[in-house]
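Data first, discussion second: the structure below is written as structure tokens.
Start at 1 and go down the list; that is how both ligands and their atoms are numbered.
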Amino acid sequence: MLTKSQPDEVQSFLADSSHLSGGFAERVVFPEIDEEVAEVLRDATRNQTSVTISGAGTGTVAGRVPFGGVVLATDKLNRIKQIVHDDNGGGHAVAESGVILGDFQRAVESEGLLYPPDPTERSCFLGGNVATNASGARTFKYGPTRNYVERLKIALATGDVIDIRRGELHAQANGGIAIPLSSGRSIEAKLPTYRMPQVRKHASGYYVAPGMDLLDLFIGSEGTLGVILEVEVKLLPKPKGLLSGVVFFSSEEDLLAFVREARERSLANRGSSPTVREGSTDRVSSPTVRKGSAIDARAIEYFDLESLRFLRQKYETVPIEATGAIFFEQETTVSTEDSLMTEWLSLLEGHNALVEKSWFAANEADQAGLREFRHALPVLMNEWFARHHQKKVSTDMSVPDEAFAGMLRFYEDNLSGGNLRYTIFGHIGDNHVHVNILPRDDDEAARAREIYRTFIRRAVDVGGTISAEHGIGKLKREYLRELYGEEHLREMAGLKRAFDPAGILGRGNMFSEEFL
Ligand SMILES: Cc1cc2nc3c(=O)[nH]c(=O)nc-3n(C[C@H](O)[C@H](O)[C@H](O)COP(=O)(O)OP(=O)(O)OC[C@H]3O[C@@H](n4cnc5c(N)ncnc54)[C@H](O)[C@@H]3O)c2cc1C
């Protein structure tokens, strides 16, 4: 098994997209087969050496940043093992955890299939996506990664390997869980007793729900319960066509009214409940779309005025009078594409969009261009943070439907008077926008952190979640305490100890080491 320990070889594994500094590790190991992973973990448990699992390092909360011990890199667990067509036009695929998402999506699409999770940055690994329950723009229609995971093979800290298929193991009514091991022993533990926020997207702490499928415990567990070795996912038929647009507005009121209508019509059209809540049993994995042409967006993404100012660095044709924009996508067929275009135009005109100056795409090359526009913003933000040697002050909260308009106003009211630079953008269809505060010096950074804390409190007060998709990692664990309280963090740590008795895996992720 390849091992690297020279400082210049290890360097790139000590950071991720959070730009948290100070990470260090003795060595990075690159297992190629399951047994090598198990061996690393067995040794680490025996020697009480901490192990940080590394995917592609695109995570934004320092989950894969190590503070000592060994980094277990999944880069060489990179085989796509199977892509199979099912009778229903969809299919399923089996892949190892180090497969790059972009490669996987291309392989699946070349078979006429679709893997919906699409967390903007496609250089991430499938294992990282499962570990963070990643979502993205398409989540508005398709839900997060969780909805597609059918089976996981996982190496536990003790070296035991478990293979769990959806539907096989459930929590007991009293919250007890039991997972049989091949040795004949079984892992027995108690689920934490908190109730997860009832929002459309949630990636804060362990997934817990009454009678839950135990597969869900590992999805979003951020490298703290085991090493995901192999993933089996459900695939959908690839849509025949796609219509997308970046549409500009000169009034925020018009933009928000447009979003409300596009969102409501989409949800009504697909017959799903307005709020597909992460912790509830009405999880809709493959919404059925009523036949015929009607608004049914798969993505509705927001850019505020400051985001557009940022993007003008790269895209000069952003109209000068625009105060905000929406990126939308809707799947089409040959017979619906024209009528859908007409419906979107009429909806846009009804809400006074700057239609003439907006951008629309109906072929793959133009769509890639619009998607690149969407992707450019977080990339430009990340570069800005790195240039100014400032830590990211970036929110990832989502709130229930009824609280979203008030939350957006709360963000704006708190930010506008403070002479701070900021952007608000993201997944408005899921009541989930990212507020990025851009401090230029340490004083502004301190103010930004204070404002951030106010936002956290507000999100918790209105029943929201503190992280909808990026996870908690090492950066947001103090806020998880605000969401769930110390007693529940202790319950989480107790659950972790059942899987990882020496507490070696993902130390410092989700809760601080004092709880172990
Ligand atoms: C420009 C940009 C845009 C982004 N947009 C989105 C977005 O829209 N939606 C979204 O959800 N995320 C987004 N992200 C965040 C990031 O892409 C996701 O969190 C992604 O899922 C991380 O995958 P990774 O392979 O890079 O994981 P890493 O960063 O390497 O690790 C993330 C966490 O997962 C754990 N982990 C990794 N692999 C395994 C494994 N095999 N077994 C167990 N634990 C493991 C790590 O220990 C760590 O805690 C964005 C990031 C960037 C840079």
Give the single entry among [options] that approaches [atom] most closely by any heavy atom.
atom                    : options                : value
atom 31 (O) of ligand 1 : Arg122, Arg64, Lys474  : Arg64
atom 21 (O) of ligand 1 : Val51, Asn129, Asp118  : Asn129
atom 12 (N) of ligand 1 : His470, Glu222, His427 : His470
atom 50 (C) of ligand 1 : Gly127, Pro119, Ser467 : Pro119

Look at ligand 1 and say whether [X] reaches it with a heavy atom at a distance under 4.0 Å.
X      : answer
Ala137 : no
Ser135 : yes
Gly57  : yes
Thr52  : no
Asp16  : no

Minimum-distance protein heavy atom relative to [atom]:
atom                    : result
atom 52 (C) of ligand 1 : Glu121 CB, 3.7 Å
atom 35 (C) of ligand 1 : Ala131 CB, 3.7 Å
atom 40 (C) of ligand 1 : Ile53 CG2, 3.6 Å
atom 53 (C) of ligand 1 : Ser17 OG, 3.4 Å
atom 8 (O) of ligand 1  : Thr120 OG1, 2.8 Å

Query - Check: Tyr148 side chain, Tyr142 main-chain N or O, donor-acceptor pair, under 3.5 Å - result: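 Pair found, side chain donor or acceptor close to backbone of Tyr142.
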Query raised in the report: With only distance considered, is Cys124 within less than 3.5 Å of ligand 1 through an N or O on each side?
Result: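 The answer is no, given that Cys124 and ligand 1 share no N or O pair closer than 3.5 Å.
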Query raised in the report: Can you find an N or O of Arg374 that's nearer than 3.5 Å to an N or O of ligand 1?
Result: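 Between Arg374 and ligand 1, no N or O pair is found under 3.5 Å apart.
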Requested in this report: Decide whether a cation-pi geometry holds between Arg312 and Phe248; the criteria are a distance under 6.0 Å from NZ or CZ to the six-membered ring centre and an angle within 45° of the ring axis.
Outcome: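 No cation-pi geometry.
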Query raised in the report: Considering residues at least two apart in sequence or located in another chain, which fulfil the side-chain hydrogen bond (donor to acceptor under 3.5 Å, both in side chains) criterion with Thr465?
Result: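 For Thr465, the residues satisfying side-chain hydrogen bond (donor to acceptor under 3.5 Å, both in side chains) (neighbours in sequence not counted) are His202, Ser204.
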**Report entry** Asp160/Arg42 ion pair, N-O < 4.0 Å
**Finding:**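 Salt bridge absent between Asp160 and Arg42.
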Query raised in the report: Which of the atoms in ligand 1, numbered in the order shown and given with their element, are less than 4.0 Å from a heavy-atom of Asn509?
Result: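 Matching atoms, with element in brackets: 49 (O).
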Query raised in the report: At their closest point, which heavy atom of Ala498 faces which heavy atom of Glu188, and how far apart are they?
Result: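 Closest heavy-atom pair between Ala498 and Glu188: CB-O, 3.9 Å.
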Query - salt bridge (Lys or Arg N to Asp or Glu O under 4.0 Å) involving Asp118 - partner list, sequence neighbours excluded - result: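 Per chain and number, Asp118 pairs via salt bridge (Lys or Arg N to Asp or Glu O under 4.0 Å) with Arg122, Arg138, Arg371.
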